[in-house]
Amino acid sequence: AVVPLGKDALACQLWTHAMNQSVAQHATARAVIGSLYIQGKVDDFLWAYRLLKSPTSLEKDMLWHLAGALTSTSLQLLMENVRRPYEADDIRVIADRIVSRKGSLAVVDLIDSALQSASGRNERELKRMRKNYDK
């Protein structure tokens, strides 16, 4: 009940304690992830995010806003959490990293997966991106 009181710093301290005691779990992560985001605790946020069983769209937004452009963020984590309907925007942020680590075919595969449910501007952007990486 610390987080609803607006005690983000205290919630972060409790998270650190839970991690140090190896008792941090899904429920703990879900309760504190917003505070970790607000406090800008990138490493702790990423740890908590990985514990979430099914991240909400808000939690995915927090992931991308806090850590999406950081090269230290797990590329696989970002690839697995591309947001609908913003696939083109998210893939654009990580495409060059994907190419350098996994090759352009991995970007094309990610784009093709996103195209299955894309529409409108997102679909047009994905198709445009696909042409750039499908060589």
Side-chain angles (χ1 to χ4, degrees):
V2 176
V3 179
L5 298 174
K7 304 285 185 183
D8 295 312
L10 180 57
C12 292
Q13 290 173 357
L14 292 172
W15 170 256
T16 300
H17 182 69
M19 284 183 30
N20 290 340
Q21 298 298 313
S22 299
V23 295
Q25 298 176 4
H26 164 77
T28 314
R30 170 104 337 121
V32 75
I33 199 155
S35 294
L36 295 170
Y37 172 79
I38 289 168
Q39 294 289 307
K41 307 274 188 184
V42 177
D43 292 337
D44 288 339
F45 176 89
L46 292 172
W47 188 274
Y49 192 91
R50 287 182 183 96
L51 292 176
L52 298 175
K53 293 177 183 168
S54 181
T56 66
S57 59
L58 177 60
E59 290 161 344
K60 285 185 178 187
D61 286 346
M62 288 189 276
L63 169 68
W64 280 92
H65 287 280
L66 185 63
L70 300 176
T71 57
S72 60
T73 304
S74 163
L75 186 56
Q76 191 63 39
L77 180 67
L78 293 171
M79 290 172 67
E80 291 169 357
N81 288 281
V82 170
R83 299 169 292 170
R84 289 191 66 219
Y86 310 110
E87 294 100 331
D89 299 328
D90 290 350
I91 293 170
R92 186 177 298 108
V93 170
I94 59 174
D96 290 340
R97 284 180 59 201
I98 296 171
V99 170
S100 68
R101 293 198 182 142
K102 299 180 180 237
S104 60
L105 185 58
V107 177
V108 171
D109 288 345
L110 188 58
I111 291 169
D112 286 345
S113 175
L115 275 169
Q116 292 176 12
S117 61
S119 63
R121 180 196 72 84
N122 191 49
E123 181 180 19
R124 289 188 301 276
E125 285 299 313
L126 287 168
K127 286 180 178 178
R128 202 171 294 134
M129 288 172 57
R130 192 178 193 292
K131 288 178 186 176
N132 291 335
Y133 293 100
D134 190 21
K135 298 176 181 178

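In this chain, residues are counted from 1 in sequence order. These values consider heavy atoms only, across backbone and side chains, with no hydrogens, waters or symmetry-generated copies.
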Quick one: CZ on Arg83 to CD on Glu59, what's the gap to the nearest 0.5 Å? 13.5 Å

If you look at every heavy atom in Leu51 and Ala29, which pair is closest and at what distance? CB-CB, 3.9 Å

Arg124: salt bridge (charged side-chain N to carboxylate O under 4.0 Å, His left out) partners, not counting sequence neighbours: none

Are the side chains of Leu63 and Leu78 in contact, using a 4.5 Å heavy-atom criterion? yes

Check salt bridge (charged side-chain N to carboxylate O under 4.0 Å, His left out) between Arg130 and all other residues, then give those that pass, not counting sequence neighbours. Asp112, Asp134

NE2/His26: more than 12 non-hydrogen atoms of other groups inside 6.0 Å: yes

4.5 Å side-chain heavy-atom contact, Ile33 and Leu52: yes

CD (Glu80) and CG (Leu110) are apart, to the nearest 0.5 Å, by 10.5 Å

Ignoring hydrogens and geometry, is there a side-chain-to-backbone donor-acceptor pair from Thr73 to Ala67 under 3.5 Å? yes

Measuring only between side-chain heavy atoms, which start at C-beta, is Arg30 closer than 4.5 Å to Thr56? yes

Taking atom CE of Met79 and atom CD1 of Ile91, what is their separation to the nearest 0.5 Å? 8.5 Å

Does Leu126 reach the side chain of Arg121, with side-chain heavy atoms less than 4.5 Å apart? no

Heavy atoms of Met129 and Ala88 approach each other most closely as SD-O, 3.7 Å

Can you give each donor-acceptor pair under 3.5 Å made by side-chain atoms of residues 38-50, sequence neighbours left out, with the distance rounded to 0.1 Å?
| unit_1 | atom_1 | unit_2 | atom_2 | d |
| --- | --- | --- | --- | --- |
| Tyr49 | OH | Asn81 | OD1 | 2.8 |
| Arg50 | NH1 | Leu46 | O | 3.4 |

Is Leu70 linked to Tyr86 within one hydrophobic cluster, defined over Ile, Leu, Val, Met, Phe, Trp and Tyr using a side-chain heavy-atom separation of less than 4.5 Å? no

What is the distance from atom CG of Asp90 to atom CG of Asp61, rounded to the nearest 0.5 Å? 8.5 Å

Tell me, with the steps shown, if Thr28 and Val23 meet side chain to side chain contact (heavy atoms under 4.5 Å, CB included). CA-CA 9 Å; Thr28 314; Val23 295; over 6 Å; no

Going by heavy atoms in the side chains, are Arg97 and Arg101 under 4.5 Å from each other? yes

A quick test of your reading: do over 12 heavy atoms of other residues, nucleotides or ligands sit less than 6.0 Å from CZ of Arg92? yes

Under a 4.5 Å cut-off applied to non-hydrogen side-chain atoms, are Tyr37 and Asp8 in contact? no

Without hydrogens or angle criteria, can the side chains of Lys102 and Gln76 be said to hold a donor-acceptor pair below 3.5 Å? yes

Calculate, to the nearest 0.5 Å, the distance between atoms CG and NZ belonging to Asn122 and Lys127 respectively. 11.5 Å

Validation row: Arg84, Ser57 side chains within 4.5 angstrom (heavy atoms): no

Value for NZ (Lys60) from NE2 (His65), rounded to nearest 0.5 Å, stands at 13.5 Å

Would you check if Leu14 and Val32 make a side-chain contact, meaning some heavy-atom pair closer than 4.5 Å? no

